[in-house]
J.: 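One structure, as structure tokens, below. Some questions next.
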There are 2 protein chains.
Amino acid sequence: MLMSLRFDGVLSATELSAVANIAPSTASEHLAKLMASGLVARQKSGRHRLYSLTDGDVCDLVDGLAALAERHAAIASARSSFPQALLHSRLCLDHLGGRLGYLTTNALFARNLLHHSATGPEITQEGAAWLNDLGIDANAHLDNVRCPLRLCHDWSEKAYHLGGGIAAAILSAFRQRDWIRVKRGEIVIFLTPKGVTALRAELGLDIRQSGDEVRT
Amino acid sequence: MLMSLRFDGVLSATELSAVANIAPSTASEHLAKLMASGLVARQKSGRHRLYSLTDGDVCDLVDGLAALAERHAAIASARSSFPQALLHSRLCLDHLGGRLGYLTTNALFARNLLHHSATGPEITQEGAAWLNDLGIDANAHLDNVRCPLRLCHDWSEKAYHLGGGIAAAILSAFRQRDWIRVKRGEIVIFLTPKGVTALRAELGLDIRQSGDEVRT
DNA sequence: ACGAAACTTCGCTAAACACCGAAGTATGCC
DNA sequence: GGCATACTTCGGTGTTTAGCGAAGTTTCGT
């Protein structure tokens with residue numbers, strides 16, 4: 001949740017619960033603790049409660065923790081062979097990360113479904129149509145408090161993948177179609193055979209299956 | 001434990017368990033976890049295992065957490081009236097902090113039991129005698145891995161009090177003589193009437209009793 | 001005015017955790 | 001060699017915690 005706030009700046013309680021994959025009531029309890037300890041600030045906006053990191057000091061702290069965590073993950077992956085799956089495809093907060101996240105993002109730009117603008121990635125007309133086929137209404141995300149689309153640093157690829165509300169929606173759509181599966185509480189993504197085929201057809205991705213079988 | 005390592009640089013497992021007020025076996029478990037997460041490094045030295053923070057990044061992180069914790073404590077104390085006792089006298093890791101720590105330190109310098117040197121505070125001949133009366137052998141601490149004596153920043157007094165192994169020994173001596181009492185698990189120090197008298201006689205301190213009665 | 005949505009508080013449960021003492025492994029000292 | 005010291009591992013225990021759903025509060029839309 002703190003990482004999400006660091007990236008997106010301001011998020012509502014419900015959005016944060018989705019990011020953390022926990023019930024709204026649980027998120028509310030955690031946020032109350034974070035408030036009490038002075039790490040996050042709250043601001044009312046209609047029936048929403050918008051949370052953000054209190055100030056730059058907290059941002060620095062989160063950055064520091066993230067940097068150490070990344071370094072630790074990198075060292076761990078260098079030591080054991082298991083995290084191959086982690087490098088292949090994993091969750092980054094609530095969207096695609098690892099090689100799969102990177103390749104998907106690249107493909108979206110290459111096929112002109114996204115283009116770079118001064119303020120970050122933007123959706124083209126073709127892109128909006130593609131998202132619509134996935135059941136995602138891009139315009140709905142523009143009104144959202146949460147940043148709809150941004151670039152998120154990928155530590156293993158040393159490049160960027162998509163983050164923000166739309167990236168999270170894309171992840172959901174992939175899961176709904178059973179292109180990918182994720183074990184509850186874990187971040188390794190299992191790419192199904194169906195997913196391999198679909199991603200080749202949709203985006204021309206040449207990516208192999210990986211990770212252990214996951215029963216849903 | 002991380003704070004102690006930040007200040008003292010290198011500490012043995014037993015010293016760290018004393019700092020944290022837990023059994024050596026428990027400390028060992030915690031240190032194993034800190035090792036596994038890459039926050040501390042271990043180095044063998046005879047039958048000792050010396051722990052230290054892995055690098056500057058971890059130091060920065062600890063500093064950042066400490067700064068936030070201090071700010072939070074300051075805000076909390078400004079809001080409620082309870083922490084008066086906290087400002088009066090409290091534990092700072094394993095030595096005296098708050099007004100009591102500050103006044104004690106000042107008195108030791110004023111009475112020429114300590115003097116300032118280029119490398120930090122040093123014990124004078126009279127100081128060694130005074131410590132001896134308390135049952136503390138200053139020379140024994142000089143051979144210790146732990147920094148014997150240093151200045152430690154006091155957030156509430158915005159000044160310095162004594163830290164290090166000898167400061168910890170002084171705290172123990174005060175407790176043994178029942179000049180002060182500390183509830184297990186808490187950091188507020190209760191100054192006994194006996195302590196008020198003794199500190200006036202020993203160091204000329206004009207400090208009042210404070211905190212709630214503590215049964216030992 | 002009514003229902004839906006956003007959020008929090010409460011009661012409860014299952015899992016995780018800190019903690020300790022006892023037992024086991026090194027290492028140093030006589 | 002024998003014994004003390006420094007430390008870790010293991011088994012067991014009591015407390016804390018995260019988590020959820022149900023119920024309550026405020027706000028928005030109609």
Side-chain angles (χ1 to χ4, degrees), chain A residues 1-5 8-52 65 91 93-94 137 139-141 143-146 165 168-169 182-187, chain B residues 1-5 8-52 91 93-94 137 140-141 143-146 165 168-169 182-187:
Chain A
M1 280 159 64
L2 289 175
M3 292 271 287
S4 300
L5 288 174
D8 285 335
V10 176
L11 289 171
S12 71
T14 310
E15 286 168 329
L16 284 167
S17 75
V19 163
N21 238 305
I22 52 178
S25 60
T26 309
S28 184
E29 284 169 354
H30 283 250
L31 288 166
K33 285 179 189 171
L34 290 170
M35 282 276 296
S37 59
L39 290 174
V40 307
R42 183 165 61 185
Q43 147 192 25
K44 288 189 70 168
S45 162
R47 52 183 161 180
H48 296 271
R49 302 279 182 93
L50 302 181
Y51 288 90
S52 55
L65 280 166
L91 293 181
L93 302 175
D94 59 354
D137 179 7
N139 287 322
H141 281 276
D143 299 334
N144 215 317
V145 204
R146 178 175 188 185
V182 186
K183 250 187 215 160
R184 180 170 170 79
E186 299 196 5
I187 65 169
Chain B
M1 281 158 65
L2 290 174
M3 293 271 288
S4 300
L5 288 175
D8 285 333
V10 176
L11 289 172
S12 71
T14 310
E15 287 169 329
L16 284 167
S17 74
V19 163
N21 237 306
I22 53 179
S25 59
T26 309
S28 184
E29 285 169 353
H30 284 250
L31 288 167
K33 284 179 190 173
L34 290 171
M35 281 276 296
S37 59
L39 290 174
V40 307
R42 183 165 61 185
Q43 145 190 26
K44 288 188 71 169
S45 161
R47 51 182 163 182
H48 296 270
R49 302 280 182 94
L50 303 180
Y51 288 89
S52 56
L91 293 181
L93 302 175
D94 58 355
D137 179 6
H141 282 276
D143 298 334
N144 215 317
V145 203
R146 180 175 187 184
V182 187
K183 249 187 219 161
R184 180 172 169 77
E186 297 196 6
I187 64 167

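Naming convention: chains lettered A, B, ... in sequence-line order (proteins, then strands); numbering from 1 in each chain. Worth knowing before you read on, the calculation uses all heavy atoms, side chains too, and leaves out hydrogens, waters and symmetry mates.
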J.: Quick check: closest heavy atoms across A/Ser4 and A/Leu11, and the distance to 0.1 Å?
T.: CB-CD1, 3.7 Å
J.: Grab the CG-P distance between A/Leu31 and C/dA6 for me, whole Å please.
T.: 16 Å
J.: For B/Ser28, give me all partners under side chain to side chain contact (heavy atoms under 4.5 Å, CB included), at least two apart in sequence or on another chain.
T.: none
J.: What residue pairs, at least two apart or across chains, pass side-chain hydrogen bond (donor to acceptor under 3.5 Å, both in side chains) with a residue in residues 33-42 of chain B?
T.: B/Arg42-B/Tyr51
J.: Sequence neighbours left out, what passes side chain to side chain contact (heavy atoms under 4.5 Å, CB included) with A/Ala36? Give chain and number order.
T.: none
J.: Toward the 5' end of DNA chain D, which comes first, A/Pro24 or B/Ala13, by nearest nucleotide?
T.: B/Ala13
J.: Using heavy atoms to find the nearest nucleotide of DNA chain D for A/Lys33 and B/Ser28 separately, return the residue whose nucleotide is more 5′.
T.: B/Ser28
J.: Would you kindly give the CG-to-P distance between A/Leu16 and D/dG19, to the nearest whole Å?
T.: 14 Å
J.: Is there a side-chain polar atom (N or O) of B/Tyr51 under 4.0 Å from OP1 or OP2 of D/dT8?
T.: yes
J.: Rounded to the nearest Å, what distance is computed from the NE2 atom of residue B/His48 to the C1' atom of nucleotide D/dT8?
T.: 15 Å
J.: Residues two or more places apart in sequence or in another chain: which of them pass side chain to side chain contact (heavy atoms under 4.5 Å, CB included) with A/Ala20?
T.: A/Met1, A/Ile22
J.: Rounded to the Å, how far apart are A/His30 NE2 and D/dG19 C1'?
T.: 7 Å
J.: One character per nucleotide, please: for nucleotides 21-30 of chain D, 5' to 3', B when the base has a protein heavy atom closer than 4.0 Å, S when only the sugar-phosphate does, - otherwise.
T.: BB----BB--
J.: With B/Ala23, which residues qualify under side chain to side chain contact (heavy atoms under 4.5 Å, CB included), at least two apart?
T.: B/Ser25, B/Thr26
J.: Is the distance from OP1 or OP2 of C/dA5 to the nearest side-chain N or O of A/Arg49 less than 4.0 Å?
T.: no
